[in-house]
Amino acid sequence: MLLRPLDIDPSHCLIDGRWRGPASGQTLPLINPSDGSILCEIARGDASDIDRAVGAARAAFEGPWGKATAVERGRILQRIGGLVVENIDELAQLEALDVGKPLTQARADVVALARYMEFYAGSVDKLHGQTIPYLEGYTVYTLREAHGVTGHIIPWNYPMQIIGRSVGAALATGNAAVLKPAEEACLTALAFGELARRAGLPDGALNVVPGLGAEAGAALTAHRDVDHISFTGSVSTGRLIQRTAAEHIIPVTLELGGKSPQLVFDDADIDAALPFLVNAGIQNAGQTCSASSRILVQRGVYDQVVARMAERYSALRAGPALSDLSVGPLVSARQKEIVEGFIAKGADLNLVARGQVVTDAPAGGAYVAPALFADVPADHTLAQDEIFGPVQVIIPFEDEAEALAIANGTAYGLVASVWTQNGARQMRLARALRSGQVFLNNYGAGGGVELPFGGSGLSGHGREKGFEALYGFTTLKTVAAYHG
Ligand code: ADP
């Protein structure tokens, strides 16, 4: 299979500006989660491919790419964004097939990828150092400099968006990147590599090596010539990566998911809140780091919110990605098993509604009917652990203090939202919530390419997205000149 219209063979890696087979000659099957069929074979990159990719990145960093000015880098990113938009239909189709994501959601991801390119293209020549008042006879200033070679290990749930925020910011600041996409979904990463090449990105500035986490991913993290690792994925893999990076003392950015709450108070505009309460839980079949999996509702509107969410859940339909229903399949049979395991653990809970899998959904697809639980104790596993599937829990609360205690009462801290008309309460909770982002009377703010994103606790550390990412992908040098 060739990826149209780019004519890339997905069993190849992009290394030093050329497509080549993996050193081992081995491939891995890529599964279509909508029906369980094999979409194509992808390269099983390993340590020797990673070594070549890191070598190519180092040469690019020390060569023309490392010497390019911010304006020149920005222009190339702008061109990549343009090519992404030109290929929106093909990219959306690839992402839908590969991830199992409904087509409309995949299209939104293409738009976000293009926006990241535009945003970083336009912002990088505004990244300034400072001058620092100092002793008599000194002039002191700071320089923002690229780390060098950055490794990007990304998951399967939002390949394009995560490439945009992570690789986009790294390239903008002059790093040379090695991208290891997930073995479950890597087609748009390959397509992106080709588009970047066609946009004039110098050879080696972006290398794409698909493969298994324990092989290509582990080799990238352990490589002694990598200067920074950006990882999005599970807590257990994040922990391994941080440990390995510690061996050679390189900075890591970890984005590891969450258990993000929405707090609905008695005075909230429930009509406005409802679509966000449900959509933030079932978007991408709940396989979203910032999914809102906990809905905390004050007693006065509790019954109303439960009933109205249940009504929406009953209308949800899960089916093949290309049917473009509200919910697609999960990414894999393994993920389906994990999510069904969680639903089974809720057997003693109040399951108030379930959506349906459409009757003509292929038997081999990884479908799970969305499930909504109410009256869930805040310490129940369904209210504490990240499920990564279309499952939400509703938890009642009496007052603001209890809402805050429940909201902050998990090991995660990625995103939270507060629905209330009370301005003072909005301000108090925005400060008190342990969360990298807080939304007031909305959730997610439309994707937020411009909005710094990242968490605390088990959600990880470091910030991507927005201007803030430019700081994360650079290091600061202080120059102190004595001139008398
Ligand atoms: P999931 O369990 O949801 O697939 P992971 O955190 O395992 O999430 O995967 C996210 C990314 O991390 C993927 O690209 C995967 O290949 C990679 N990965 C998995 N294990 C390792 C590892 N030991 N070292 C580096 N990368 C890994």
Side-chain angles (χ1 to χ4, degrees), residues 13 22 26-31 33 42-47 49-51 53-54 98-101 150-163 165-167 177-190 192-193 207-223 226 228-248 250 252-258 284-291 293 329-339 341-342 366 368 385-389 412 414 455 458-460 464:
C13 313
Q26 289 193 41
T27 59
L28 298 164
L30 191 71
I31 306 295
I42 59 164
R44 181 173 176 171
D46 64 14
D49 302 296
I50 289 290
D51 189 49
V54 171
D98 202 358
V99 179
K101 188 175 295 223
T150 52
H152 304 259
I153 300 176
I154 67 165
W156 41 262
N157 58 344
Y158 287 86
M160 282 191 287
Q161 292 221 28
I162 297 170
I163 289 169
R165 75 187 194 204
S166 147
V167 174
V178 178
L179 168 62
K180 207 301 277 176
E183 49 272 45
E184 294 87 350
C186 63
L187 297 183
T188 52
L190 297 171
F192 179 80
N207 307 276
V208 186
V209 182
L212 296 172
E215 296 174 2
L220 182 57
T221 321
H223 200 292
V226 170
H228 179 279
I229 293 279
S230 156
F231 171 75
T232 303
S234 63
V235 174
S236 54
T237 303
R239 197 172 275 130
L240 262 179
I241 285 178
Q242 178 154 348
R243 206 174 278 147
T244 309
E247 288 297 319
H248 49 136
I250 57 167
V252 291
T253 301
L254 300 178
E255 201 272 90
L256 310 177
N284 200 31
Q287 303 164 115
T288 305
C289 313
S290 55
S293 46
L330 301 192
V331 74
S332 62
R334 180 176 80 104
Q335 192 63 23
K336 173 180 157 138
E337 203 177 302
I338 292 171
V339 172
F342 272 108
V368 171
D385 298 330
E386 189 178 42
I387 298 173
F388 234 56
Y412 295 94
L414 191 58
L458 289 192
S459 293
E464 290 187 338

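Counting starts at 1 for both ligands and their atoms, in listed order. In what follows, residues are counted from 1 in the order of the sequence shown.
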For ligand 1, indicate whether the residue [X] contacts it via side chain, backbone, both or neither (heavy-atom separation under 4.0 Å).
X    : answer
R334 : side chain
T244 : neither
Q335 : neither
P181 : backbone
F388 : neither

Nearest-contact summary for [atom] - protein heavy atom, Å:
atom                    : answer
atom 4 (O) of ligand 1  : W156 NE1, 3.2 Å
atom 13 (C) of ligand 1 : I154 O, 3.4 Å
atom 25 (C) of ligand 1 : G217 C, 3.2 Å
atom 22 (C) of ligand 1 : G213 O, 3.4 Å
atom 15 (C) of ligand 1 : E183 OE1, 3.6 Å
atom 23 (N) of ligand 1 : L240 CD1, 3.6 Å

Would [X] count as a polar contact of ligand 1, with the cut-off being nitrogen or oxygen pairs under 3.5 Å?
X    : value
G233 : no
I153 : no
T237 : yes

- Query: Can E215 and K180 be counted as an ion pair, charged N to O under 4.0 angstrom?
  - Reply: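 The answer is no: the pair does not qualify as a salt bridge.
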- Minimal non-hydrogen separation, H228 against I250, with atom names: N-CD1, 4.2 Å
